[in-house]
Amino acid sequence: MTFSHSANGLSRPADNVVILDFETTGLSPNQGDRAIEIGAVKLQNGEIVGQFQQLMNPGFRVSSFIEGYTGISNNMLRTAPSCDVVMNEFADFIGDANLVAHNASFDQRFLDAELEQINRHYGGTFTCSMLIARRLYQDAPNHKLGTLVDYKNIYHNGVFHRALADSEMTARLWLVMLDDIKQQYGIETIPFALMMKLAKTPKAKIAALLSSYR
DNA sequence: TGCCAGGCCCTCTTTAGGGCCTT
């Protein structure tokens, strides 16, 4: 007997997800850019129960801008395993979990492109912490990950623009957002589907949406 | 050779333009 993971997945709790972050050679896989690092944390019931971090060799030299931006040098990538090897392991790590990233459209493009290269697929659904933060924290100075971490007084170790560090910060931001929604709207358990709806709901209709889940 | 992202969201909008986010 089979059933649809993706259909069932939306009713899973929103604190049961994999939160991921890519470092890449640039902004667009359509322009030939590749992943150079993947970091992710797995949350179950709001607790970190697993993590994944791996550099990967894209097969060409990265620009000096990317070396400076990420701190990942061509020398570090020279001995790293290929994207194919790493992404195959990562596909096993995420399984059919629902997925979260900060500006998820970016990470989803690279995840889709890298998995297509090795004919692997995932069964979960993406949502975006940035789109939700824009709705919940309209008074924040901006909605960059680093700014939101400071705005919400979220712990960080000072490392930015590395995949595991950014995925950990995104995970903490995600949990803070879930707590803020629970406290403000009196919701006990937030399904992933509600966070997906929230990411697409016009700001003027957010209160009505969340109040209806009480 | 020279090109160089894409989706969301606001507004001086919808027959459009530009800032925000991600690397």
Side-chain angles (χ1 to χ4, degrees), chain A residues 17-41 52-77 80 82-83 86-87 90 94 99-117 125-152 154 156 159-174 176-177 195-209:
Chain A
V17 293
V18 168
I19 297 175
L20 63 92
D21 182 70
F22 277 104
E23 305 306 316
T24 70
T25 66
L27 291 172
S28 174
N30 287 338
Q31 299 293 324
D33 288 315
R34 297 295 300 269
I36 58 173
E37 189 181 38
I38 179 66
V41 297
F52 189 101
Q53 185 275 326
Q54 187 60 251
L55 292 171
M56 54 192 120
N57 188 329
F60 55 90
R61 292 181 64 82
V62 303
S63 69
S64 57
F65 171 80
I66 292 298
E67 284 188 312
Y69 186 82
T70 64
I72 299 170
S73 67
N74 281 294
N75 196 45
M76 292 163 68
L77 295 174
S82 70
C83 296
V86 172
M87 292 308 299
F90 188 63
I94 61 178
L99 304 172
V100 176
H102 201 69
N103 198 14
S105 68
F106 173 86
D107 293 279
Q108 182 169 12
R109 279 198 296 278
F110 277 95
L111 183 64
D112 290 350
E114 292 294 347
L115 291 185
E116 187 177 353
Q117 294 257 348
T125 305
F126 252 108
T127 197
C128 177
S129 57
M130 184 192 73
L131 293 178
I132 294 168
R134 279 179 177 170
R135 288 159 170 77
L136 293 182
Y137 308 134
Q138 298 180 30
D139 292 336
N142 59 58
H143 299 87
K144 295 177 184 175
L145 179 59
T147 300
L148 289 166
V149 164
D150 287 338
Y151 181 72
K152 296 302 293 181
I154 293 168
H156 64 81
V159 177
F160 294 92
H161 305 306
R162 286 299 300 269
L164 182 59
D166 281 5
S167 67
E168 288 173 337
M169 284 189 286
T170 304
R172 294 190 192 101
L173 173 64
W174 181 254
V176 165
M177 292 196 297
M195 298 301 274
M196 287 190 63
K197 277 187 193 173
L198 186 53
K200 297 178 180 178
T201 298
K203 287 175 183 173
K205 296 184 177 177
I206 293 167
L209 170 69

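No hydrogens, no waters, no symmetry mates; every other heavy atom, side chains included, goes into these values. Every chain is numbered from 1 and lettered A, B, ... according to where its sequence line falls, protein lines coming before strand lines.
Considering only residues two or more places apart in sequence or on other chains, D150(A) meets the side-chain contact (heavy atoms from CB on, under 4.5 Å) condition with H156(A). With sequence neighbours excluded, the residues satisfying side-chain contact (heavy atoms from CB on, under 4.5 Å) with R172(A) are I154(A), Y155(A), E168(A), M169(A). Residues meeting the side chain to side chain donor-acceptor pair (under 3.5 Å) test with D112(A), sequence neighbours left out: Y122(A). Considering only residues two or more places apart in sequence or on other chains, Q117(A) meets the side chain to side chain donor-acceptor pair (under 3.5 Å) condition with none of them. Applying the side chain to side chain donor-acceptor pair (under 3.5 Å) rule to E116(A) yields no partners; only residues at least two apart in sequence or on another chain are considered. In terms of the side-chain contact (heavy atoms from CB on, under 4.5 Å) criterion, residue partners of A199(A) (sequence neighbours excluded) are, by chain and number, T127(A), L131(A), I132(A). The side chain to side chain donor-acceptor pair (under 3.5 Å) search around S129(A) returns H102(A), not counting sequence neighbours.
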Protein and nucleotides 20-22 of chain B: nitrogen or oxygen contacts under 3.5 angstrom:
from	atom 1	to	atom 2	distance (Å)
dC20(B)	O2	R134(A)	NH2	3.4
dC21(B)	OP1	H143(A)	N	2.6
dC21(B)	OP1	H143(A)	ND1	3.1
dC21(B)	O2	N103(A)	ND2	2.8
dT22(B)	OP1	L145(A)	N	2.9
dT22(B)	O4'	N103(A)	ND2	2.9
dT22(B)	O2	N103(A)	ND2	3.4

Give me the distances for all protein-to-nucleotides 2-4 of chain B N/O pairs that come in under 3.5 Å?
from	atom 1	to	atom 2	distance (Å)
dC4(B)	O2	Q31(A)	OE1	3.3

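Contact annotation: R135(A) reaches the phosphate of dC9(B) (side-chain N/O to OP1 or OP2, under 4.0 Å).
Using a 4.0 Å cut-off on heavy atoms, the residues of residues 59-67 of chain A that approach DNA chain B are F65(A), I66(A), listed by number.
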Only distances under 3.5 Å count here; give the side-chain donor-acceptor pairs of residues 138-146 of chain A to other protein atoms, sequence neighbours excluded, each with its distance to 0.1 Å.
from	atom 1	to	atom 2	distance (Å)
Q138(A)	NE2	R135(A)	O	3.0
N142(A)	OD1	K144(A)	N	3.1
N142(A)	OD1	T147(A)	OG1	2.8
H143(A)	NE2	Y137(A)	O	2.8

Show every donor-acceptor pair shorter than 3.5 Å between a side-chain atom in residues 20-27 of chain A and any protein atom, with sequence neighbours excluded, or say none if there are none.
from	atom 1	to	atom 2	distance (Å)
T24(A)	OG1	G26(A)	N	3.3
T24(A)	OG1	G26(A)	O	2.4
T25(A)	OG1	D33(A)	OD1	2.9
T25(A)	OG1	R34(A)	N	3.0

